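What follows is a set of notes on a single structure, which appears directly below.
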2 protein chains.
Amino acid sequence: MAARTDLLDFASLGVLSEGPLHGYALRKALAEILGPFRALSYGSLYPCLRRLQAHGWIEQLGAVDGPTTKRARVVYALTGDGKDVFVEWANQPGSDAWDDESFATRLAFFSRTEASVRLRILEGRRSRMEERLALMRESMKRGRDRMDTFLLQMQEHGVEGAEREVSWLNSLILAERNVPKTELSNPPQVKRSRK
Amino acid sequence: MAARTDLLDFASLGVLSEGPLHGYALRKALAEILGPFRALSYGSLYPCLRRLQAHGWIEQLGAVDGPTTKRARVVYALTGDGKDVFVEWANQPGSDAWDDESFATRLAFFSRTEASVRLRILEGRRSRMEERLALMRESMKRGRDRMDTFLLQMQEHGVEGAEREVSWLNSLILAERNVPKTELSNPPQVKRSRK
DNA sequence: TTCGTCATGTAATGGGTTACATGATTAC
DNA sequence: GTAATCATGTAACCCATTACATGACGAA
């Protein structure tokens, strides 16, 4: 699966797993993780929160900011179920994990992913990029004569970008293989052993 | 402006300005230009064609492939209006021109854009990327301690990608300045018989 | 004969953005 | 006092993908 919605859901769970937040703050935190530009709108955020609550993955904490504020400032916190769901997702190397958006989201929470799964995802992503590279190169070869300078330049730039990602992935994979002892590289809490 | 739809419309006009095509072939041509992966679906393509026709920018040519095919193979060609609209779009350096998708589409038809406009778009895009770069760097500085290795790595990769685009743009701008005489770098060299 | 590609289209569905509606708090 | 930011939510709209329906043609 890994539809847009799921990604947003899991990213939200991931952020909330570091501590309770209210919607507005969650949005900022997500924006910081996924990149300062490309913020998501409240039109997706609040429905997402409702969805997560309906699943029983988060719960309202009430106004923790004191009684001074009349306007509700609804703070949400992960439930036990929510935590489980997030951990399960973070450690499940589904084939959708190498999709552009999916991969970025997973990477953002990689410190909560087991080392073996991290490696598999990194390698899967590398294959994906290599396939894409092959397609791009073939397409360029086929249409070289038909294309003008700018189109060619654009496509070359694209190829270089993909190559750059592959070598970046290589360095990450290398680093991952050199530290295979730690299950979780950054064990903030969570000392599960689970396989 | 420059919604998704408009971009698709103009890209289609651009492709059709090189000669009449039927829907299926147009889709392939678009895919080749915008990248071999990320094809658009028929669910957007055919409505787009209907839209363009409603505007009077394209017209049906009937089955030019001979009477052998029973199944209609609807060939579309640019009208005079369509040509005008495309040229106008290609030479209009609106502020939306530096958006990610918009910029890519414009670049794909840069040979039909006047040199002065090309330069302005290139420089506008560079500013955009520099702003973005500044935001990313600031965000990284702000959250450095809070972020784990992977998040940091991801954001550094993002920054490097943006830097790469800036230097790529610099080289394009430089090239553009060195050949300021030609209005159109690639004048309608088009080998087609057009109509 | 069956599979892959060519070829055109429609309807349902999903889901994100935009605009709207409301109001508190802080800084100048 | 007023502008900016904080803060929550809903509803309409846009539009792209997906699935479906149909059918020809060439090759294995």
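Order of the sequence lines fixes the chain letters, A, B, ..., with proteins taken first and strands second; residue numbering starts at 1 for each chain. No experiment lies behind these values; they were computed from the predicted model shown. Values reported hereafter were calculated over all heavy atoms of this structure, with side chains retained and with hydrogens, waters and symmetry mates removed.
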Hey, what are the protein-to-nucleotides 17-19 of chain D N/O distances that come in under 3.5 Å?
unit_1	atom_1	unit_2	atom_2	d
D:dT17	OP2	B:Ser41	OG	3.0
D:dT17	OP2	B:Ser44	OG	2.9

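When the side-chain nitrogen and oxygen atoms of A:Arg50 are compared with OP1 and OP2 of D:dT10, one or more of them lie within a distance under 4.0 Å. Not one side-chain nitrogen or oxygen of A:Arg27 sits closer than 4.0 Å to the OP1 or OP2 atom of D:dT8.
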Could you list the donor-acceptor pairs under 3.5 angstrom formed between side-chain atoms of residues 168-175 of chain A and any protein atom two or more places apart in sequence or on another chain?
unit_1	atom_1	unit_2	atom_2	d
A:Asn170	OD1	A:Arg126	NH1	2.6
A:Asn170	ND2	A:Val166	O	3.4
A:Ser171	OG	A:Trp168	O	2.7

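Separating the NE2 atom of B:His22 from the C1' atom of C:dT8 is a distance of 10 Å, rounded to the nearest angstrom. For A:Asp6 and C:dG15, the CG to P distance is 8 Å, given to the nearest whole Å. Following rounding to the nearest Å, B:Gln53 (CD) and C:dT8 (P) show an atom-to-atom distance of 13 Å. Put simply, CG on B:Leu7 is 17 Å from P on D:dC14, counting in whole angstrom units. The nearest whole Å value for the distance from the CG atom in A:Leu49 to the C1' atom in D:dT8 is 10 Å. Atom pair B:Arg73:CZ and D:dA24:C1' shows a separation of 11 Å (rounding to whole Å applied). If you measure from atom CG of A:Asp9 to atom P of C:dG16, you get 9 Å, rounded to the nearest angstrom. Distance CG (A:Leu34) to C1' (C:dG16): 15 Å, rounded to an integer number of Å.
Among residues two or more places apart in sequence or in another chain, the salt bridge (charged side-chain N to carboxylate O under 4.0 Å, His left out) test is passed with B:Asp84 by none. For A:Glu59, the salt bridge (charged side-chain N to carboxylate O under 4.0 Å, His left out) criterion is met by no residue, not counting sequence neighbours. For B:Arg142, the salt bridge (charged side-chain N to carboxylate O under 4.0 Å, His left out) test picks out A:Glu32, B:Glu138, with sequence neighbours left out.
Taking the six-membered ring for Trp and thresholds of 30 and 60 degrees, B:Tyr24 and B:His22 have nearly parallel ring planes, at less than 30 degrees apart. Using cut-offs of 30° and 60° on the angle between ring planes, the pair B:Trp57 and B:His55 is parallel.
Checked against C:dC6, D:dA7, D:dA16, the side chain of A:Tyr24 finds its nearest nucleotide in D:dA7. The side chain of B:Tyr76 has C:dG9 as its nearest neighbour among D:dC15, C:dG9, D:dT5. The side chain of A:Lys28 lies closest to D:dC6, out of D:dC6, C:dC6, C:dA7.
Geometrically, A:Arg106 does not engage A:Trp98 in a cation-pi contact defined by less than 6.0 Å to the ring centre and at most 45° from the axis.
No hydrogens or angles considered: nothing links the side chains of A:Thr105 and A:Ser102 as a donor-acceptor pair under 3.5 Å.
Aromatic ring centres of A:Phe86 and A:Phe109 lie closer together than 6.0 Å.
End-to-end axis angle of the helix from C:dT1-D:dA28 to C:dC28-D:dG1, from C1' rotation axes over five pairs per end: 30° (rounded to 10 degrees).
A:Arg51 comes within 4.0 angstrom of nothing in the nucleic acid, heavy atoms only.
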